[in-house]
Amino acid sequence: MNCDDLGLLLERGGSARLAGEAGANARAHLAICPECARDWSLQNRLADRRVPPMPANLVESCRALATEAAQNGPGRRGRGRFIVVGLTALAAAAAMLAVHLNAGRHSSEQSAETAAAMPPAIPAAAASPAFSSLEVPHPQGEKVGMDAADQTAEPAPPFPVYVAPLQNSATDAVRLAAIESFYESVLQQLRAVPGLRLLQSMPKDAAPGGPQVIKLTIVGSTPSPGTEFTVRTMLDAKPLPGGGFSATHEFIGVGDVAFACADPRPAATSQCRDPVSLAVRVAEALRWRSFPADPSLHKRMRAQVRDPALAPELRFHAFSELASLRSPPGSRGPGSPGSPAFSDPEVIRGVIELAAVTTDAGQRSELWRAMRGVGSELILQPLADAARLDPAAEVRAEAVATLAADFAQDPRGRAALETIARDDPSPLLRASATRGLGDEATWKEYVAASLRDTSRPAAERIEALLLHIRWPSPPGSRFMGPWEVAEAALDADTTAALIEVYPKAYASAADGAKLTLITLVSNAAYNSGNPAFTNLVLENLEHGPQRPSWIMAAEGLLRRKDADPRVREALVTMAASSVDAQFRDAAKSVLLRTTPDPARPEDSPR
Amino acid sequence: MRNDPQKQFDVLVVPHLERLFRVAHRLMGNTSDARDLVQDTCVVACENLTELGIKPQPLHWLLRVQRNLFIDGARRRKRAPMVAMDLHARAARVASAEPGPEEVLEQTDSERALERAFQQLDDNQRLLLTLRAEGYELEEIEAILGIESGALRARLLRARRSLAQRLDEESDRSGCDTRAWRNS
């Protein structure tokens, strides 16, 4: 068999199977012809790309279009309708608003990725664990959000926005009206955005040199019976002349028509799930994350962080928004080191004051973490005080890490670290302060001793290692995976202790730490080749929680040159006999992706 | 039935909606745009139910209409380029506590790279590979696209090679993102 014969086999597609003599010939050719093997593999991968089920209501909406077309006669191509209704006062309760950012249009510059932001007033660390590990790459030089030019708070530049007719597939009248109300409220909010010019229709051709139109599509649906409804606001845009934002974003709100909203805060920060509150938050998110830099909005947020008359929740919301502005590539969203928002001394003062008044330890932790990389003199004393005196250990831990990262060479920072290393009631904090002073050996000894100490609860045994992994790396240092970081502190005994304590530590860990642990074990299995880690992957693959994460880990292991055959066997078993169809499909996908071996019969194209 | 467009639509179009949607989703890369494309196809079908009724293979005719709408839409998109990516599964993940396995696996480097590489192909190449990936035989693709079989084979080969090349470029570009998995 030659390349042409193989090509014919490939083209025949669905009827071709690698069986019999022809199959043997094909396998022999694929084994020696990388180009054909690649084509063969690509064909399979394309066929294997997941296509979601057709939306349940598509048939009905197409039928409705058929009726409409029949009534209106040929030539009418419009679909949907521009609905204008009065605002419906619908009861609602706590809200969820997820924001998806996608920098996908930079395909020629950098790979597209996804990040998730969070509902107002909830820091990134509290967002879905599945997202907290995702990085947010963005091209160098991209102008998004506030930058130095925004400091002058010039008027917002004009920009056109087209909102497509509502796509509403609600299955009952109440939720249909709620979605319509949301749509109308978004329009109302947008009309009030400085510089925004709302278009009645999408221009077919953009004027040469003129600004690109931002298109918003709002899709409302009722995915399940009950009272909840989902509104998705999708945005497409191109870079605006002279700078600005270009992205595909998606904002998702889940509303509920059944509960009264009793949240006294303004809609922008409330947790209310009524259509109007959702619309306010979507409009706010659009202004902040999608529309061209709006100096007035940035100015307002900076003012809110500084405003002692405002409730701490509102100030923290403003802080979170400021922190979500562009951070250095590779950073992980709000609170990332060196967020440019914190170059403003007034904002820094506001953050310090906020840290002093908020009673929420999680917020204080986030505030001190966000200050990492700022290095301002203004921070030093309050940071040192927090590191020494904050009643919450988690806050002291973040403050110590920031102190160590930015002020270890400053005599005052050093003195604070020395005090903590000597006097803090928490051995973990004493050890981490010691590390901040440069004593790596003592710290590593502490990490190892903690892991080995079977008299302590599993959560305590593992916490030093988790802190070790999360410790800020020096500026300019190369990226290191979690295992690469961890193994520097571990020897054979402590590695064994880690493997032994893992199940209990996982069971007692918080969500964020759970994800860190899974990532650590997966990364260790792949990079160390230690079969004990592979065993952990296999055990969890078959019986553990978060199985999708373990399927990913197994895929990593299959990519090793010396892949443990048990991993493939486990996936084959899962693909064949898992009671859950999703896992069966997922395992099949992994097997196909990781099997360029043409000898496998399932590699034949469909 | 001939006088009842609704019934005609139910007989001639509805049975094929699932297949239209699958092809549309592969082409557009996301549910929302796929839905739009299918609905546009339905509008055209509604206006031509009589013609559709005499076609021996209504699905092929519908796919051809969908192809034309896709190419037209692509031309418009080129004039005012926009990016559409499938964010829906990710959206669902945020809304639910536990990620679904496909959603997690959707984020694997290789799959993301394949999706990006695929979306960079020209529209006709995407169309060809989509129809093949959906299991349409060469003869069917000939009928749908009106391309003679020799040329079709050559174009399919070029499309696959082009995809492979773009995939290589994607791998090079995203290498730094995956080093945690690949650095040993």
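Labels below follow one simple rule: chain letters A, B, ... track the order of the sequence lines, proteins then strands, and each chain is numbered from 1. As a basis for the values below, the full set of heavy atoms in this structure was taken, side chains included, without hydrogen atoms, waters or symmetry mates.
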message = As an exercise, state the distance from CG of Leu58(A) to CD of Gln39(B), rounded to the nearest 0.5 Å.
response = 6.0 Å

request  = Tell me, yes or no, whether the heavy-atom count around Arg584(A) atom CZ, taken from other residues, nucleotides or ligands under 6.0 Å, exceeds 12.
outcome  = yes

request  = Mind checking ring pair (Phe, Tyr, Trp, His ring centres under 6.0 Å) for Phe118(B) and listing every partner two or more places apart, or none if nothing turns up?
outcome  = none

ask   = Quick check: does any side chain N or O of Arg26(B) sit under 3.5 Å from a backbone N or O of Leu46(A), one acting as donor and the other as acceptor?
value = yes

From Met54(A) atom CE to Leu20(B) atom CG, the distance as rounded to the nearest 0.5 Å = 9.0 Å

inquiry  = Could you measure the distance from the CD atom of Gln167(A) to the CZ atom of Arg35(B)? Nearest 0.5 Å is fine.
reply    = 6.5 Å

message = Could you work out, with side chain to side chain donor-acceptor pair (under 3.5 Å) as the rule, every residue matching Glu142(B), not counting sequence neighbours?
response = none

request  = Quick one: do Leu114(B) and Leu42(A) satisfy side chain to side chain contact (heavy atoms under 4.5 Å, CB included)? Show the steps, please.
outcome  = CA-CA 9 Å; Leu114(B) 180 65; Leu42(A) 265 183; 4.0 Å; yes

ask   = Distance from Arg160(B) atom CZ to Gln43(A) atom CD, nearest 0.5 Å?
value = 5.0 Å

ask   = Any side-chain heavy-atom pair from Leu17(B) and Cys62(A) closer than 4.5 angstrom?
value = yes

request  = Looking only at non-hydrogen atoms, find the nearest pair between Phe21(B) and Pro53(A) and report the distance.
outcome  = CE2-O, 3.7 Å

